[in-house]
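Report on the structure given below.
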Amino acid sequence: MIIGASVKRKEDPRLLTGRGCYVDDVRLPGMLHAVVLRSPHAHASITRVRPSPAMVRPGNVQVMTAADLGGVRRIPIRLGAKASLVPFLQSPLALGRVRYVGEPIALIVAESRYAAEDAADQVEVEYEILPAVVSTDQALRRAAPVLHESTGSNLADRLEALVGNPELALAGAEVRLARRFTVQRHSGVPLETRGMVASYDAASGLLTVWGPTKVPHFNRGVLAGFLGWPEDRIRFIEPDVGGGFGIRGEFYPEDFLVPWAAVRLNRPIKWIEDRREHLVAANHSRQQTHDVEVGAARDGRIVALIDRITVDMGAYLRTHGVTVPELTAAMLPGPYQIPHYRADVSCVLTNKTPTGTYRAPGRFEANFVRERVMDMLADATGIDPAEIRRRNFIAPSAMPCTIGTFALGEPIVYDTGIYTSTLRAAQDAIQYELRRRERDRARAEGRFMGIGI
């Protein structure tokens with residue numbers, strides 16, 4: 001029997017005794033090392049890139065800039081691609097302008113990581129600093145600098161979720177509340193940063209790549225398209241991974257640059273991201289502002305919810321497009337029966353690291369806002385926070401419940417569940433009524449104690 005049994009992981013002995021194989025453990029004969037030269041500015045025009053001083057460094061092999069790439073196209077969207085989003089996509093190396101701190105400008109390849117780091121310091125880049133857009137409020141102002149001039153706007157996309165007639169229902173609500181909530185920018189910080197090793201065999205025409213540890217089939221297809229090759233000439237190998245948290249699920253600029261350089265130089269190349277580099281180059285996520293209006297009856301039952309969501313997408317749209325804000329809008333009602341609901345979503349570009357999926361994308365943001373709304377109603381009506389949730393739960397008799405929103409082209413449906421019993425079990429486990437009495441005594445004594453749900 002497996003159900004209920006403690007089953008040991010088969011991979012643990014190998015990993016715990018140091019016999020794992022991560023990207024940085026891959027060592028090939030004649031292997032070179034790559035470093036990415038990145039922008040120190042949030043927004044600037046590149047007036048000149050002069051790699052020649054770096055070329056005389058001992059151990060240096062090549063400095064490659066956008067001029068060497070030729071006609072390489074922009075990195076495509078994997079989820080929810082739209083023609084209207086193409087102008088906001090990123091090229092592997094900056095084309096005349098940088099739009100966030102950490103944007104790749106050049107790839108330096110040398111005999112050692114140390115030589116490559118030293119050579120990167122010698123590449124001369126001249127910038128014309130431009131005003132930076134650092135918030136969505138600023139980005140949407142009429143006089144704001146436009147990040148992608150061909151679009152004429154920093155608004156990349158608008159999304160909407162609509163159920164019923166929320167404006168009419170809100171107008172007739174006995175209790176009406178409004179609040180702004182903000183979710184700060186996050187990123188995943190795995191023990192192992194990103195990395196890649198690429199090796200090209202000119203005799204067979206085969207390219208082998210270690211390190212693209214998530215969505216390998218999509219990434220192989222994109223790489224093949226960039227190189228103009230059939231996919232069967234590219235082999236991906238997934239070694240052990242020291243954490244991912246969603247941010248590896250991407251085709252990043254380096255995923256093209258390292259294999260392309262390996263083919264160009266006909267030598268194996270390794271690139272390993274350092275920690276500081278990871279914090280500015282790997283996907284960020286979550287940064288949203290929610291302007292919420294909720295209407296309810298005096299007994300705490302919600303009649304309408306309207307949320308105007310503004311999402312900071314960073315400087316470019318990456319392969320997940322606008323999936324994260326779409327998920328937030330679709331899942332915000334959660335386990336509660338909300339008969340009238342609207343989410344208006346603005347996806348806005350700023351001079352920050354581009355965003356993508358990270359650890360339950362969109363759900364964290366929706367959960368935070370929704371549960372704060374429930375606490376607002378509890379405060380306004382004087383109803384216990386647990387009870388106000390119980391009164392708004394989707395009833396078992398309503399299952400399966402289609403709430404009327406969509407994500408990734410699919411309707412959000414709750415197929416089963418008895419939420420009241422689940423909440424009651426949690427309350428019993430922490431002795432909720434006892435904790436409430438302890439809280440009231442503590443407050444009477446001037447000590448601050450609370451219970452969060």
Side-chain angles (χ1 to χ4, degrees), residues 8-36 75 78 92 104 107 109-114 116-117 187-201 204-224 226-227 229 231-279 281-283 318-320 356-359:
K8 292 184 178 181
R9 289 159 33 109
K10 294 182 177 180
E11 65 268 35
D12 283 355
R14 177 175 60 83
L15 297 175
L16 293 173
T17 55
R19 290 179 286 128
C21 181
Y22 298 86
V23 177
D24 201 27
D25 294 320
V26 177
R27 293 175 174 83
L28 302 176
M31 188 168 68
L32 302 172
H33 296 262
V35 165
V36 180
I75 298 170
R78 178 170 70 95
L107 184 75
V109 181
E111 297 288 349
S112 71
R113 173 65 179 260
Y114 304 102
E117 294 267 8
S187 186
V189 187
L191 287 174
E192 181 195 29
T193 56
R194 296 179 300 136
M196 179 171 290
V197 174
S199 178
Y200 176 61
D201 180 10
S204 65
L206 294 177
L207 173 66
T208 305
V209 183
W210 291 260
T213 51
K214 197 172 180 183
V215 294
H217 298 287
F218 171 80
N219 281 16
R220 187 173 73 158
V222 175
L223 178 57
F226 276 12
L227 294 173
W229 293 5
E231 287 189 38
D232 61 8
R233 286 184 58 189
I234 302 172
R235 181 189 182 202
F236 277 7
I237 297 176
E238 180 176 340
D240 294 318
V241 186
F245 317 121
I247 63 169
R248 294 191 194 274
E250 192 73 64
F251 191 97
Y252 286 99
E254 300 85 3
D255 294 334
F256 166 72
L257 294 172
V258 176
W260 169 75
V263 174
R264 181 185 175 97
L265 300 177
N266 196 21
R267 288 181 65 179
I269 296 176
K270 175 187 286 188
W271 167 74
I272 300 294
E273 185 180 55
D274 67 32
R275 180 61 65 190
R276 182 180 183 278
E277 186 178 23
H278 174 84
L279 294 173
N283 277 350
R318 285 192 167 159
T319 68
H320 292 89
T357 54
Y358 166 53
R359 211 65 176 168

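A quick note: this is a predicted structure, and the numbers were derived from the prediction, not measured. Quick note: residue numbers are just sequence positions, from 1.
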Can you see which heavy atom on [X] is nearest to which on [Y], and at what distance?
| X | Y | value |
| --- | --- | --- |
| I269 | V258 | O-CG1, 3.8 Å |
| P212 | F236 | CG-CD2, 3.3 Å |
| I247 | A282 | CD1-CB, 4.1 Å |
| G244 | P190 | N-CB, 4.2 Å |
| V241 | R248 | CG1-NE, 3.3 Å |
| A198 | A262 | O-CB, 3.6 Å |

Would you mind reporting whether [Y] and [X] have side-chain heavy atoms less than 4.5 Å apart?
| X | Y | value |
| --- | --- | --- |
| P259 | M196 | yes |
| T193 | I272 | yes |
| L279 | V189 | yes |
| N283 | Y252 | yes |
| V197 | V209 | no |
| I75 | T319 | yes |

Taking atom [atom1] of [X] as the centre, does the number of heavy atoms from other residues, nucleotides or ligands within less than 6.0 Å exceed 12?
| X | atom1 | value |
| --- | --- | --- |
| R113 | CZ | yes |
| R14 | CZ | yes |
| L16 | CG | yes |

Results of salt bridge (charged side-chain N to carboxylate O under 4.0 Å, His left out) for R235 - residues two or more places apart only: none
Qualifying ring-ring contact (aromatic ring centres under 6.0 Å, His included) pairs with a residue from residues 258-279, counting only residues at least two apart or across chains: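 Of all non-adjacent pairs touching residues 258-279, those that pass ring-ring contact (aromatic ring centres under 6.0 Å, His included) are F256-W260.
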Rounded at 0.5 Å granularity, tell me how far [atom1] in [X] sits from [atom2] in [Y].
| X | Y | atom1 | atom2 | result |
| --- | --- | --- | --- | --- |
| D240 | E192 | CG | CD | 8.5 Å |
| Y200 | T208 | OH | OG1 | 11.0 Å |
| W210 | S199 | CH2 | OG | 5.0 Å |
| L223 | F218 | CG | CZ | 11.5 Å |
| F245 | T357 | CZ | OG1 | 13.0 Å |

Between [X] (side chain) and [Y] (backbone), is there a donor-acceptor pair under 3.5 Å?
| X | Y | answer |
| --- | --- | --- |
| R220 | I234 | yes |
| E117 | Y114 | no |
| N266 | D201 | no |

Pairing of E11 and R19 as salt bridge, 4.0 angstrom limit: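 Salt bridge between E11 and R19, a charged N being under 4.0 Å from a carboxylate O: no.
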N-O pairing of R194 and E273 below 4.0 Å: yes
Sequence neighbours left out, cut at 3.5 Å: what donor-acceptor pairs do the side chains of residues 20-35 make with other protein atoms?
residue	atom	partner	partner atom	Å
D24	OD1	K270	NZ	3.1
D25	OD2	Y22	N	2.8
R27	NH1	D25	O	3.4

R78 to F251, cation-pi by 6.0 Å centre distance and 45° axis angle: no
